[in-house]
Visitor: 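The structure under discussion is supplied below as structure tokens; questions concerning it will follow.
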Amino acid sequence: VITANSLGGIGMGVFMPLLPLWFKLAYGAGPFEIGIIFSAVYIFTALGSYLSSRFAHRFNALNIASYTRVLGSLLLLAMAFSPALIIAGIIYIARAVIAGFGSPSRTTVNVRGVDVEDYGTATSVQGIASRVAQLSSGASGYLMDYALPMPLVVGGIFQFASGISYKLLFKGKDKD
């Protein structure tokens, strides 16, 4: 759980901090356009989460966690090379629905097999994985200086690895 979530956290830390600046530099987007995109992203993330609460019980949680990360990373890579702001915005909004749908399956803390006395330690250690994004955020600016799409490409690669690691690390395990 920690490995898969850490890879995802690194990916988020690399692409997310300077994403509004990326929209500005890549497409000349102003604050209004960027605000519209991010407002839609928040709304559609909530929609994805709502849909997850309605339909996720019909699917294997492991598959949802893995596939939503993989698909989200592929959309992030497509967004990096999008020719127009409207296309990049639509891709990012579609990614938000997918991320919202997969979020409940990916962000739960796993305490199965942990002694009751160790729940605090287990949840704290697993929480490190979600905070690793803060450690990788500095790379965003360096990558953007190298090439404008690089934060999205590198972030997408880490998120892709996160989705694959879910399947590899939990393959054959209990699928509840």
Visitor: For Trp22 and Met79, work out which heavy atoms get closest and say how close.
Guide: CH2-O, 3.3 Å
Visitor: Can you tell me if Ser162 uses its side chain to pair, donor with acceptor, with the backbone of Phe158 under 3.5 Å?
Guide: no
Visitor: Which pair of heavy atoms, one from Leu152 and one from Ala80, lies closest together, and at what distance?
Guide: CB-CB, 3.6 Å
Visitor: Ignoring hydrogens and angles, write down the donor-acceptor pairs under 3.5 Å from the side chains of residues 24-40, residues two or more places apart or on other chains.
Guide:
from	atom 1	to	atom 2	distance (Å)
Tyr27	OH	Ser82	O	2.8
Glu33	OE1	Gly30	N	2.8
Ser39	OG	Gly35	O	2.8

Visitor: To the nearest 0.5 Å, tell me how far Thr3 OG1 sits from Tyr166 OH.
Guide: 10.5 Å
Visitor: Taking everything shown except Phe44 itself, do over 12 heavy atoms lie less than 6.0 Å from its CZ?
Guide: no
Visitor: Determine the minimum heavy-atom distance between Arg69 and Gly8, stating which atoms define it.
Guide: NH1-CA, 3.8 Å
Visitor: How is the hydrophobic cluster of Val70 composed, in terms of its other members, when Ile, Leu, Val, Met, Phe, Trp and Tyr link through side-chain heavy atoms under 4.5 Å apart, directly or indirectly?
Guide: Leu74, Leu77, Phe81, Val153, Ile157, Phe160, Ile164, Leu168
Visitor: Are Ile43 and Leu47 side-chain neighbours, meaning at least one heavy-atom pair lies under 4.5 Å?
Guide: no
Visitor: Using side chain to side chain contact (heavy atoms under 4.5 Å, CB included) as the criterion, list what pairs up with Ile90, not counting sequence neighbours.
Guide: Ile86
Visitor: Closest approach of Leu7 and Ser165, non-hydrogen atoms and distance?
Guide: CD1-OG, 3.9 Å
Visitor: Can you run down the side-chain hydrogen bond (donor to acceptor under 3.5 Å, both in side chains) pairs that involve residues 138-159, sequence neighbours left out, and say none if there aren't any?
Guide: Arg95-Gln159
Visitor: Taking all atoms of both residues into account, what is the closest heavy-atom pair of Ser136 and Gly9, and its distance?
Guide: OG-O, 3.9 Å
Visitor: Side chain of Ser49, backbone of Phe101: donor and acceptor closer than 3.5 Å?
Guide: no
Visitor: Would a single hydrophobic cluster contain both Tyr67 and Ile64, if residues Ile, Leu, Val, Met, Phe, Trp and Tyr are joined by side-chain heavy-atom contacts under 4.5 Å?
Guide: no
Visitor: State plainly whether one hydrophobic cluster holds both Ile98 and Met12, where clusters connect Ile, Leu, Val, Met, Phe, Trp and Tyr through side-chain heavy atoms under 4.5 angstrom apart.
Guide: yes
